[in-house]
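Any value given below was found using the heavy atoms of this structure, including those in side chains, with hydrogens, waters and symmetry copies removed. Below, chain A is the first sequence line, B the second, and so on; all start at residue 1.
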Amino acid sequence: MEYNFSEIEKIAREKWESSNIYKVENNSTKPKYYVLDMFPYPSGAGLHVGHPLGYIFSDIYARYKRMKGFNVLHPMGFDAFGLPAEQYAIQTGQHPEITTKKNIETYIQQLKKIGFSYDWSRQVTTCEPSYYKHTQWIFLQLFNAWYNTKKEQAQPIADLISVFETQGNKGVSAACDDTVLKFSAEEWKSFPPKQQQAILMNYRLAFQKESFVNWCPALGTVLANDEVINGVSERGGHPVEKKKMAQWFLRITAYAERLLKGLESLDWTESIKDMQRNWIGKSIGAMVSFPLKNHQEKIDVFTTRVDTIFGVSFLVIAPEHDLVQQITTPEFKEQVEAYVKMCASKSDIERQAEKVVSGQFTGAYVLHPFTQTEVPVFIADYVLAGYGTGAVMAVPSGDQRDYLFAKKFDLPIIPILDAQQNLEQEADATKEGKYINSDFINGLNYADATALLIQKLEEQNKGYGKINYKMRDAGFSRQRYWGEPFPIYYDKDDIIYTVDEEKLPITLPKVESYKPTGTGESPLATATDWVTQFGKDTRMETDTMPGYAGSSWYFLRYMDPENEHEIVSNEAQAYWQNVDFYVGGSEHAVGHLLYSRFWHKFLKDIGKVNTEEPFQRMVNQGMIQGVSKFVYKYFPDIKISNQTDVFEEFSNLNKLVNNLIISREFIVIENEKLLLKDLSYFERVLTDKYPGFVNYLNLNNHKINIDDIKIRKFHVDINYVKNDILDFERLKAEDINYKDAIFITEEDGNYYCGSEVEKMSKSKWNVVNPDQIIEQYGADVFRMYEMFLGPIDTAKPWDTNGISGVSNFIRKFWRMFFDDFGKQRWIENQASQDELKILHKTIKKINEDIERLAFNTCVSTMMIAVNELSKLKTVSVATLSTLTKLIAPFAPHTAEVLWLKLGNSTSIVDADFPTHDEQYLVESSFNYPIQINGKHRNNIELSLEATNEEIQTIVLADEKIKKFTDGKELKKFIVVKGRIINLVVSE
RNA sequence: GCCCGGGUGGUGGAAUGGUAGACACGCAGGACUUAAAAUCCUGUGACCAUCGCGGUUGUGCGGGUUCGAGUCCCGCCCCGGGUACCA
């Protein structure tokens with residue numbers, strides 16, 4: 001009986017489904033283990049071969065853990081809100097819900113074919129009201145919370161209000177906007193509700209503020225940052241401008257320190273942790289106040305190099321800085337206004353792309369806090385309004401940007417450290433050496449100077465030590481249809497109200513059109529009844545939440561997916577705790593992973609979860625790339641003059657000339673240009689095949705000149721290519737573009753394609769569909785081959801040709817059980833010593849490799865085991881049973897069916913994973929490699945019990961070894977037991 | 001610029017400081033077959049060789065540590081990813 005995967009898969013699947021074997025309970029005497037995949041966005045294109053890589057990886061681990069005796073939670077769901085569905089809705093008018101559901105169906109069908117051990121009863125879908133009800137609930141909690149920086153925890157906003165009522169906001173330690181003014185309890189009570197509301201917005205963890213969006217008038221819509229390229233819209237290339245709109249934000253900055261500290265406890269790769277650290281961007285520095293000359297105001301500056309303060313020769317503030325208007329002196333007013341206007345007209349990207357130093361003097365001066373020297377104040381666009389205080393103290397000798405600015409405006413460059421070099425050419429940011437030109441810190445080193453300066457600043461009330469974070473609060477508003485509506489409405493005075501929790505979910509309304517409204521509002525604004533659902537004089541918030549709202553907590557929902565009353569019950573969460581093993585792409589390193597960590601910490605603060613971090617261990621799978629194949633089209637640059645006499649011939653030749661496709665052998669790449677390699681050979685081939693063509697060229701006295709030849713490569717559908725050989729006959733028959741193509745083949749008659757590794761995508765014609773692979777080779781071969789490709793975390797190209805190796809292996813595996821006629825091959829007697837040795841060696845290696853997540857070598861190890869066992873005459877049933885269990889996580893269908901055939905009535909899913917017995921691995925001798933001066937010369941089988949003296953005697957007596965030692969002095973004789981022997985002799 | 005990864009045969013890759021290239025693809029040759037498919041066997045880094053003894057060389061480049069380095073250290077080069085007027 002041949003290995004018949006379709007029958008095998010059917011039997012296994014039916015068995016699993018009828019017994020509901022992947023259903024997981026929220027309680028067990030077994031220890032829990034939570035294995036999670038990053039849930040996918042269900043796109044219309046379906047899965048390609050690259051998508052399931054991580055899913056297969058985590059599934060193997062989940063199955064392994066289950067066999068090792070854990071109660072394993074391994075769910076799957078869909079991140080179903082998002083732009084592509086909305087885009088499709090705009091084009092077709094179809095409700096995104098319909099297309100999303102359809103896509104999810106396709107995904108589920110595809111995923112089920114691969115044999116994952118998902119508990120589908122726990123599926124979550126973020127766009128379903130039963131799910132986003134809870135997303136909205138979390139938003140309300142964020143809205144009703146502030147962050148107490150002293151206690152390092154979120155607290156109810158009601159507590160803050162009562163503090164305001166009793167003592168005002170003095171002495172409140174809260175994460176809030178720096179701009180909040182101090183007020184007393186009496187003042188608070190006297191504020192009108194609207195003002196109170198505005199003040200509270202500075203404290204809430206979900207808050208609203210005026211903020212700039214990318215407004216595209218031509219498209220009538222607000223664009224996300226990645227939809228804007230070089231200041232114009234990605235689609236259509238229309239200009240984009242900054243528009244101020246009230247936007248929702250989440251105060252993730254309140255959690256900056258905890259997000260940073262929490263990384264230490266996580267078992268993630270350092271590179272992902274580094275990305276998060278960089279994103280959070282903690283910098284320790286100082287705030288310094290520079291009082292303005294002839295003004296009450298002062299300019300506050302944040303600096304990480306307070307030690308350079310005596311090198312300050314000017315101040316630069318952002319053009320958007322609040323003080324610009326006030327401090328500009330009349331004589332500079334015109335220039336300053338012009339400069340500000342110019343900056344405002346530029347997009348952020350343009351501003352950043354600008355490499356030329358620009359700026360404008362304001363006419364104002366500040367006083368140096370220590371020396372009282374007058375320091376000029378400039379505005380320049382290299383200073384960002386959004387970072388720090390929007391002002392920098394410029395130290396040209398220590399900062400390259402300041403240096404360039406100083407050169408341009410002829411400002412002093414003051415050396416401040418004796419170790420600074422090359423100041424004639426560039427700034428030197430060193431912290432080495434002793435200070436010079438620096439008043440009371442002269443002669444000190446960096447650490448001492450910094451400490452002393454901060455102390456003085458604080459004593460004299462001129463500044464203080466401060467920690468700054470690069471991370472910004474997270475924008476939470478989208479002017480889109482396909483997202484969670486906010487549970488927020490406004491009255492006619494724009495006072496904000498929250499929707500009662502009992503009234504959740506606020507579901508999306510039906511709308512006429514998903515197109516942008518043209519006003520910047522989301523399409524929800526057109527649903528009048530919906531907008532006024534809480535009263536005629538009220539209006540709903542019409543923005544929707546961004547994609548990360550639903551994905552920031554979905555892993556909790558799997559624990560208790562049916563719960564209508566709360567996001568997750570305390571019992572379910574207490575049982576499952578958090579994710580033990582998270583698998584997904586590193587492209588979510590900062591977005592999803594940072595937001596999820598933030599929400600999780602917040603949920604911990606409000607008592608919904610009892611763990612600080614959501615994902616304990618994480619593995620990031622590398623991308624599977626496509627191998628694109630190319631054909632080379634040849635365009636000889638032939639000037640055609642008067643052709644009337646040869647018109648007929650010409651039309652044929654013209655056809656020929658425009659359809660010549662030449663094999664890669666004829667091509668050479670020089671300076672990224674494709675050229676003909678060997679003109680004479682090519683000409684000969686052409687002459688043989690198409691004499692007319694060459695005649696034509698001669699006819700016109702036109703010799704082919706290598707410079708005139710243009711070759712361009714074109715992607716060709718990889719389905720026409722095997723081992724680089726193009727099936728051009730089939731291509732010509734099936735693809736209209738190649739109907740008239742003439743393929744110039746190589747000497748063996750084959751057309752060889754060019755090949756390149758690229759991202760897998762439709763447009764590159766290199767997409768491999770898993771359904772196709774599974775149809776041809778079966779799900780188990782597909783699973784094992786994906787693992788066999790290489791280590792999980794590196795990017796690697798997909799090459800379908802290689803799959804035959806794994807396919808051969810699994811058939812060979814099957815043949816150990818059954819001969820070609822389906823007759824069982826195993827014998828009931830005991831396993832032989834040879835067998836046991838092979839088996840236990842294999843068990844040991846597979847256990848080790850699974851633990852270190854090297855599933856590629858697991859597959860190799862099984863191949864080796866099967867190769868070795870196949871050489872034995874007989875294999876016992878015990879050995880086959882153990883092998884079946886070993887392969888079960890990797891090839892579950894095959895293993896399940898073999899398990900049945902071996903006479904088991906249970907499922908292999910719940911079998912115990914084999915462990916090795918050291919006694920079978922004990923060797924009595926070892927075939928030592930013998931090195932002389934580090935070079936391998938011979939191998940000698942030696943007893944492992946032999947003493948070093950005995951070994952030395954035998955080795956030195958060996959004929960081959962003698963050849964190298966004769967007449968030389970033996971300096972050293974090294975025996976590494978069971979490993980190697982190395983002789984050191986004189987040269 | 002800065003921060004991470006990574007450079008090993010024709011290809012994917014393997015290798016606790018201990019025989020570099022396991023395993024597999026591809027390729028070449030052979031067996032079985034009328035033939036093909038399937039299966040099995042042999043060979044396969046490069047170079048040299050009196051091609052069944054063997055030798056030289058070889059893990060991006062240059063040094064170093066070590067009896068011994070793909071692996072550890074120092075200095076470069078190249079590729080990939082992230083990030084940036086962040087004060």
What do you reckon, are the aromatic ring centroids of A/Phe855 and A/Phe788 less than 6.0 Å apart?
no
Spacing of the P atoms in B/C2 and B/G75 (rounded, Å):
14 Å
Salt bridge flag under 4.0 Å for residues A/Glu923 and A/Lys837
yes
Both conditions, 6.0 Å and 45 degrees, for the charged tip of A/Lys282 above the ring of A/Tyr469: are they met here?
no
Is A/Lys796 paired with A/Glu786 through a side-chain N to carboxylate O contact shorter than 4.0 Å?
no
Ion pair A/Arg305/A/Asp307, N-O distance below 4.0 Å
yes
Using the C1' atoms only, state how far B/G6 lies from B/G70, rounded to an integer number of Å.
13 Å
Are any non-hydrogen side-chain atoms of A/Lys935 and A/Ile932 less than 4.5 angstrom apart?
no
State, yes or no, whether a side-chain contact exists between A/Lys407 and A/Val357 at a heavy-atom distance under 4.5 Å.
no
B/G64 versus B/U71 - spacing of their P atoms, nearest Å
14 Å
Whole-Å distance separating the CD1 atom of A/Ile280 from the P atom of B/U83:
14 Å
How far, in whole Å, is B/C61 from B/C3 if one measures between their P atoms?
25 Å
Can you check the A/Ile846 CD1 to B/C23 C1' distance for me, whole Å?
13 Å
For nucleotides 48-54 of chain B, print each protein N/O atom paired with a nucleotide N/O atom at under 3.5 Å, atom names and distance only.
residue	atom	partner	partner atom	Å
B/G54	OP1	A/Lys960	NZ	3.1

Taking atom P of B/A84 as reference, at what distance in whole Å does atom CG of A/Asp274 sit?
15 Å
What is the separation between atom CG on A/Asp399 and atom P on B/C85, rounded to the nearest whole Å?
14 Å
For nucleotides B/C23 and B/U33, find the distance between their C1' atoms and express it as a whole number of Å.
30 Å
Hey, is the side chain of A/Asn867 poking within less than 4.0 Å of OP1 or OP2 on B/A24, counting only N and O atoms?
yes
Listing time: all N or O pairs from protein to nucleotides 13-20 of chain B that are below 3.5 Å?
residue	atom	partner	partner atom	Å
B/A14	OP1	A/Asn856	ND2	2.9
B/A15	OP1	A/Arg852	NH2	2.9
B/U16	O4	A/Arg979	NE	2.4
B/U16	O4	A/Arg979	NH2	2.7
B/U19	N3	A/Asn939	ND2	3.4

A/Ser283 or A/Lys935, whichever maps to the more 5' nucleotide of RNA chain B:
A/Lys935
Is A/Arg815 close enough to B/C40 that one of its side-chain N or O atoms is under 4.0 Å from OP1 or OP2 there?
yes
Separation of the C1' atoms in B/C76 and B/C85, to the nearest angstrom:
29 Å
Figure out the CH2/P separation between A/Trp279 and B/G81, and round it to whole Å.
18 Å
To the nearest Å, give me how far apart CD (A/Glu587) and P (B/G80) are.
18 Å
Please give, in whole Å, the distance from B/C2 P to A/Gln400 CD?
13 Å
Considering non-hydrogen atoms only, spot the tightest contact between A/Ile272 and A/Ala589 and give its length.
CD1-CB, 3.7 Å
Determine the interatomic distance between P on B/G43 and the same-named atom on B/G80; round to the nearest Å.
39 Å
Heavy-atom pair of closest approach, residues A/Val340 and A/Pro319
CG2-O, 3.9 Å
May I ask you to evaluate whether A/Asn468 reaches the phosphate of B/C86, defined as a side-chain N or O under 4.0 Å from OP1 or OP2?
no
Taking B/C3, B/C67, B/A24 as options, the one with an atom nearest any side-chain atom of A/Lys972 is B/C67
Rounded distance in Å - CE (A/Met784) to P (B/A24):
12 Å
Close side-chain approach of A/Asp793 to A/Gln621, heavy-atom, < 4.5 Å
no
Pairs under 3.5 Å (Watson-Crick or G-U), crossing ones as [ ], inter-strand ones as |: RNA chain B comes out as (((((((..(((.....[....)))((((((.......))))))((((.....))))..(((((..]....))))))))))))....
If you measure from the Lys or Arg side-chain nitrogens to the Asp or Glu carboxylate oxygens, is any gap between A/Lys841 and A/Glu868 under 4.0 Å?
yes
Under-4.0 Å side-chain N/O to phosphate OP1/OP2 contact, A/Arg277 with B/C3
no
Can you tell me how far P in B/U56 sits from the matching atom in B/C40, rounded to whole Å?
38 Å
